[in-house]
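Below is one structure; the comments refer to it alone.
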Amino acid sequence: MRYGAFLRLRASILAGYLTELGHPTSYEDSLRDYMGAAVHRVHDLVLERTGERLPAAFDATLHARTFAAFERELTPVAGVVDVLGALTAHGMPYCLASSGSHERIRVGHRAAGLDGWFEEEWIFSSQDVGKGKPAPDLFLHAARAMGVEPSRCVVVEDSPLGVQAAVAAGMDVYGFTGMMPAGRLAGATGFFGEMKELTGLLELPV
């Protein structure tokens, strides 16, 4: 379950920082190339495209700018608390599997007021595995840790790389079209634009 402005903020900040470093990147470029990916993908693509390496302080600076924006602007997606409440009420296990670092996840949850909904052992990061999305490693790791077979897992995703990872893991995946059109989330089992629709897809009375 992602939180409101998270991806918009990160995409905007990343685009601005790359442009500042001499790698012109629009907001749309940032969404297309990096949405849902770990930061190492930024390094890899810039090196592949330009032959230049990003500065050693790139990650630290990006994280600092992102965290500051989180504290100022981050809000939950409308209705996500209702979904989390319904999952809890019906005893359905859930977790978060994100390309972000554990630190970024914690900062985001705290800023959005969602930290009370996730125990530490329910949070998984690309830091925990060798390969991030679109590889299936992160989702498979999360499923093992939660004690659930991949075929019985449902992934909620808002990025093309995340949908690819879920499909590769053999999991059903519902694409959230709140900021990414369904056409960009090809391969998803189904789509929804508002969280209240997700409770219906999961057959959860609210």
Side-chain angles (χ1 to χ4, degrees), residues 1-11 14 27-39 41-42 45 76-87 90 92-100 104-105 108-109 112 114 117-118 122-126 128-129 131-146 148-206:
M1 312 290 181
R2 291 185 186 269
Y3 16 88
F6 170 76
L7 289 174
R8 291 184 178 87
L9 285 173
R10 183 175 184 271
L14 177 57
Y27 172 76
E28 290 73 20
D29 294 336
S30 184
L31 284 179
R32 182 192 66 230
D33 294 339
Y34 306 118
M35 183 176 176
V39 71
R41 179 177 171 85
V42 183
L45 282 186
V77 171
V80 71
V81 171
D82 292 333
V83 175
L84 293 170
L87 290 171
H90 290 82
M92 185 174 292
Y94 63 88
C95 67
L96 178 75
S98 170
S99 292
R104 194 175 82 191
I105 295 167
H109 275 177
L114 296 177
W117 290 99
F118 291 88
W122 303 347
I123 298 174
F124 305 95
S125 161
S126 59
D128 303 331
V129 296
K131 295 181 181 179
K133 304 170 188 179
D137 303 40
L138 177 56
F139 287 141
L140 293 174
H141 169 66
R144 282 194 299 271
M146 297 294 290
V148 181
E149 288 295 320
S151 62
R152 294 181 58 81
C153 293
V154 174
V155 175
V156 176
E157 261 295 343
D158 50 15
S159 75
L161 295 178
V163 171
Q164 292 174 41
V167 171
M171 301 176 179
D172 285 338
V173 53
Y174 291 116
F176 177 53
T177 60
M179 63 172 293
M180 181 66 67
R184 295 287 306 280
L185 301 174
T189 309
F191 304 95
F192 67 102
E194 297 182 16
M195 283 295 160
K196 62 184 179 182
E197 298 173 58
L198 180 58
T199 56
L201 290 171
L202 298 177
E203 300 180 357
L204 288 173
V206 179

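- Contact between S98 and G100 at its shortest, heavy atoms only, is OG-N, 2.9 Å.
- Across every non-hydrogen atom of D33 and R41, the tightest pair is O-NE, 2.5 Å.
- Pairing each heavy atom of V148 with each of R152, the nearest pair is CG1-CB, 4.0 Å.
- To the nearest 0.5 Å, atom NE2 of residue H90 and atom CD of residue E203 are 11.0 Å apart.
- Residues M146 and W122 are in side-chain contact: their nearest non-hydrogen atoms beyond the backbone lie under 4.5 Å apart.
- Rounded to the nearest 0.5 Å, atoms CG (L31) and CZ (R184) are 7.5 Å apart.
- For Q164 against P134, the heavy-atom pair with the smallest separation is OE1-CB, 3.6 Å.
- Counting all heavy atoms, side chain and backbone alike, L114 lies closest to P76 at CD2-CB, 4.4 Å.
- Atom-to-atom distance recorded for M92:CE and L84:CG is 12.5 Å, nearest 0.5 angstrom.
- No side-chain heavy atom of C95 sits less than 4.5 Å from a side-chain heavy atom of I123.
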Carefully, step by step, assess F192 and F176 under the rule ring pair (Phe, Tyr, Trp, His ring centres under 6.0 Å). CA-CA 5 Å; F192 67 102; F176 177 53; 5.2 Å; yes
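- Distance check, rounded to the nearest 0.5 Å: OG1 of T199 to CG of L87 gives 9.5 Å.
- Taking both residues in full, the closest heavy atoms of S99 and A37 are given as CB-C, 3.5 Å, listed atom of the first, atom of the second, then distance.
- By the 4.5 Å heavy-atom criterion applied to side chains, D158 and M35 are counted as neighbours.
- Sorted pairs that involve residues 149-168 and meet ring-ring contact (aromatic ring centres under 6.0 Å, His included), not counting sequence neighbours, are lacking altogether.
- The shortest side-chain heavy-atom distance between D82 and M195 does not fall under the 4.5 Å cut-off.
- A distance of 7.5 Å separates OG of S126 from CD1 of I105, quoted to the nearest 0.5 Å.
- Legend: residues meeting salt bridge (Lys or Arg N to Asp or Glu O under 4.0 Å) with D29, ordered by chain and number and at least two apart, are R32.
- Inter-residue side-chain proximity for F139 and K133 is flagged as met; some heavy-atom pair is nearer than 4.5 Å.
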Check step by step if side-chain contact (heavy atoms from CB on, under 4.5 Å) holds for L185 and E157. CA-CA 9 Å; L185 301 174; E157 261 295 343; over 6 Å; no
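- In this structure, the side chains of Y174 and L202 come closer than 4.5 Å at one or more pairs of heavy atoms.
- Separating the CD atom in E149 from the CZ atom in R144 is a distance of 11.0 Å, to the nearest 0.5 Å.
- For D137, there are no side chain to side chain donor-acceptor pair (under 3.5 Å) partners, not counting sequence neighbours.
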